[in-house]
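Computed from a predicted model, the values in this text were never measured in an experiment.
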Amino acid sequence: MNPHPRRLIRAGLGLLLLAGNLEAHPHFSPAQMLKRVREIDTILALRPPESPKEKALLLEEQAQMLFPLGRVEEGIAAMEEALTLQPKDPTLYYNFASLLLTKDLVREALPYLRKGAALSPKEPRYQALLAQALERVGRWEEAGRTWRKASLLETDPSLKAEKLGSAARCMEKAGKLEEAEKLLDQAVKAARKSPLWYHERALFFTRAGKFEKAAADLERAVKVSQDEEGDIFAWLVEEGEAWMRAGKKDKAARAFQAALKEIQKALGEDPAFAEDLYFHQARALLGLGKPKEAAKALNKALEILPGEPPYLKLGLQVFKAAGMPADLKRVRKALAAEREKEREALEEDAVDRDRRMRKARLQVVRARKLVAAWKALREGGDVAKALSGLEAQGRAGKYLAARVRALWDLKRGKPARVLADLQVLPARVRAGSAWAAAVRLQALKALGREDQGKKDRELLQAYLNSAGK
């Protein structure tokens, strides 16, 4: 799922926040994002906002940059601090969850989604994002009820229908078929009997084995569409197949014949999607008991898209019924090859996802330890213990701990130790980091060596200037 940056242009925030408004600059490059992260570090170190709300907004904006830069631990820590400053702001919870979802951290996002939805119970987008997350972890019934709650908050008919349809999908997966059907009835009504929702309900009836109801809905979809929405020829073919499965052969034949007329008309217009028309033509001809003619149509579709799995699967029926063993053998071989490709692709996706998730979960573990260290520093807790836990997380943990440890040593009046703390960091970070420059300047001042901080002062001034501060 993509993040949803909040609108930062608010009364009283002025040029500073306008310069960092993500909605005003939706296409930041990594270099631009890094620059803005450093600008905010400089502002927070040298000229922090007066109100907690303004500081929380800056931290939130920084997190929106840190996540796509791969600095998830720091992004989580920034959002947690923002929530500490503004614990009743539902948009913070929503945006935090959105960021976590960009890394597929669905379980981690759920508590923030629940909190945001609870704080703003009349905001449909909060309920919708919560429902999507619940779907992604397979909590079908809860997701369905959440989608329905979101639908009750919508005033736009099409959006209401979409949310009711999503609720029905989840209830069907939860095995609550009666509830799913009722929700689809509501979706049809909400969308003012749109043909698209008649079609969606027909698909549900087909999966449920209610073929006569499916056929009736497809018939309605064709009648109310008036050639404005949907693929009429495809709906007519589906209607014919539904009537066949319902044992209504006469009605099926009429639907198939109507489909063939629509297809022939479309083919006469030199369409860009001729392969799909030939595919549905083959389905209709097969339904009418004309397998030889169906085979001709299907071979035309396969000439254009030879590896299309639905076409190949239909070929198993068509070429067998037409008594064409060579063609049947050909599609069996092609279908086996396509299935092997799909299997390999799924395995690769699974390996890639597993690798990404392992990395993301390790980042979450480090983030929690980083948050604990920052909290101990702010509240006077056991900083040493918190830092020890963070530094135990390998080199990444040591780098993350360096910032906290440097500020802790500065707070304890150990400026020489501060300079040593900063040496833990890679040279490129020490050279370009705004927070490192600000901390180093304070340490040098305490040591009476301010003359050595010229480059740091120039760096910080450059970031303040570019931030418009």
- Message: Under a 3.5 Å distance rule, please check whether Ser225 uses its side chain to pair with a backbone N or O of Val222 as donor and acceptor.
- Response: yes

- Side chains of Leu183 and Met171 in contact at under 4.5 Å (non-hydrogen atoms): yes

- Listed by chain and number, what are the salt bridge (Lys or Arg N to Asp or Glu O under 4.0 Å) partners of Arg145, not counting sequence neighbours? Glu141, Glu179

- If we only count heavy atoms from C-beta on, is the Leu328 to Val318 side-chain gap below 4.5 Å? no

- Message: side-chain hydrogen bond (donor to acceptor under 3.5 Å, both in side chains) for Trp147 and Glu135? Distances and angles first, verdict last.
- Response: CA-CA 10 Å; Trp147 275 120; Glu135 278 196 71; 2.8 Å; yes

- Task: Taking all heavy atoms of Glu73 and all of Gly70, pick out the closest pair and write down the distance.
- Result: OE1-O, 4.4 Å

- Residue pair Tyr93 / Ser98, side-chain donor-acceptor N/O under 3.5 Å: no

- Message: Surrounding CG of Asp250 (heavy atoms of other residues, nucleotides or ligands, distance under 6.0 Å), is the total greater than 12?
- Response: no

- Report yes if the side chains of Val37 and Arg71 come closer than 4.5 Å at any heavy-atom pair, otherwise no. yes

- So do the side chains of Val364 and Leu105 get within less than 4.5 Å of each other, counting heavy atoms only? yes

- Query: Between the side chains of His280 and Glu262, is a donor N or O closer than 3.5 angstrom to an acceptor N or O?
  - Reply: no

- To the nearest 0.5 Å, how far apart are CD in Gln127 and CZ in Arg114? 10.5 Å

- Set of residues satisfying side chain to side chain contact (heavy atoms under 4.5 Å, CB included) with respect to Ala253, sequence neighbours excluded: Leu288

- Message: Parallel, tilted or perpendicular, judged at 30° and 60°: which one describes the rings of Phe233 and Phe273?
- Response: parallel

- Mind jotting down which residue pairs meet the side chain to side chain donor-acceptor pair (under 3.5 Å) criterion with at least one end in residues 310-329? Sequence neighbours excluded, please. Asp327-Arg330

- Would you call Lys163 and Asp156 a salt bridge, taking side-chain N to carboxylate O under 4.0 Å as the test? no

- Could you tell me whether Lys341 and Glu338 make a salt bridge, using a distance below 4.0 angstrom between a side-chain N and a carboxylate O? yes

- Would the number of heavy atoms belonging to other residues, nucleotides or ligands and lying under 6.0 Å from CD of Glu178 be above 12? no

- Message: What's the separation between atom CD in Glu74 and atom CZ in Arg366, rounded to the nearest 0.5 Å?
- Response: 10.5 Å

- In Å and rounded to the nearest 0.5 Å, what is the CG to CD distance from Leu129 to Glu123? 11.0 Å

- Task: Enter the distance from Phe205:CZ to Glu200:CD here, rounded to the nearest 0.5 Å.
- Result: 12.5 Å

- If we only count heavy atoms from C-beta on, is the Leu159 to Pro124 side-chain gap below 4.5 Å? no

- Query: How about Leu99 and Met79: do any of their side-chain heavy atoms sit closer than 4.5 Å?
  - Reply: yes

- Decide if atom CZ of Arg361 counts as having more than 12 heavy atoms of other residues, nucleotides or ligands within a radius under 6.0 Å. yes

- May I ask you to decide whether Glu81 forms a salt bridge with Lys55, counting only side-chain N to carboxylate O separations under 4.0 Å? yes

- Query: If you draw a 6.0 Å radius around CZ in Arg148, do more than 12 non-hydrogen atoms from other residues or ligands fall strictly inside?
  - Reply: no

- Item | Trp243-Glu239 side chain donor-acceptor pair, cut-off 3.5 Å | yes

- Ion pair check, Asp185 and Lys182, cut-off under 4.0 Å: no

- Query: Within a strict 4.5 Å, meaning less than it, do heavy atoms of the Leu184 and Leu164 side chains meet?
  - Reply: no

- Below 4.5 Å, heavy atoms only, C-beta onward: do Phe319 and Asn299 meet side chain to side chain? yes

- Query: Any Lys/Arg nitrogen of Arg358 or Asp354 sitting under 4.0 Å from an Asp/Glu carboxylate oxygen of the other?
  - Reply: yes

- Query: Does Lys398 come within less than 4.0 Å of Glu391, counting only side-chain N to carboxylate O?
  - Reply: no

- May I ask you to decide whether Arg339 forms a salt bridge with Glu342, counting only side-chain N to carboxylate O separations under 4.0 Å? no

- Query: Taking atom CZ of Arg356 as the centre, does the number of heavy atoms from other residues, nucleotides or ligands within less than 6.0 Å exceed 12?
  - Reply: yes

- Arg38 side-chain N/O to Gly432 backbone N/O, donor-acceptor pair under 3.5 Å: yes

- Return yes if some donor-acceptor pair links the side-chain N/O of Glu308 with the main-chain N/O of Pro310 below 3.5 Å, else return no. no

- Query: If you measure from CG on Leu83 to NZ on Lys115, what distance do you get to the nearest 0.5 Å?
  - Reply: 10.0 Å

- Item | Note: Glu181-Lys210 ion pair, threshold 4.0 Å (strictly below) | yes

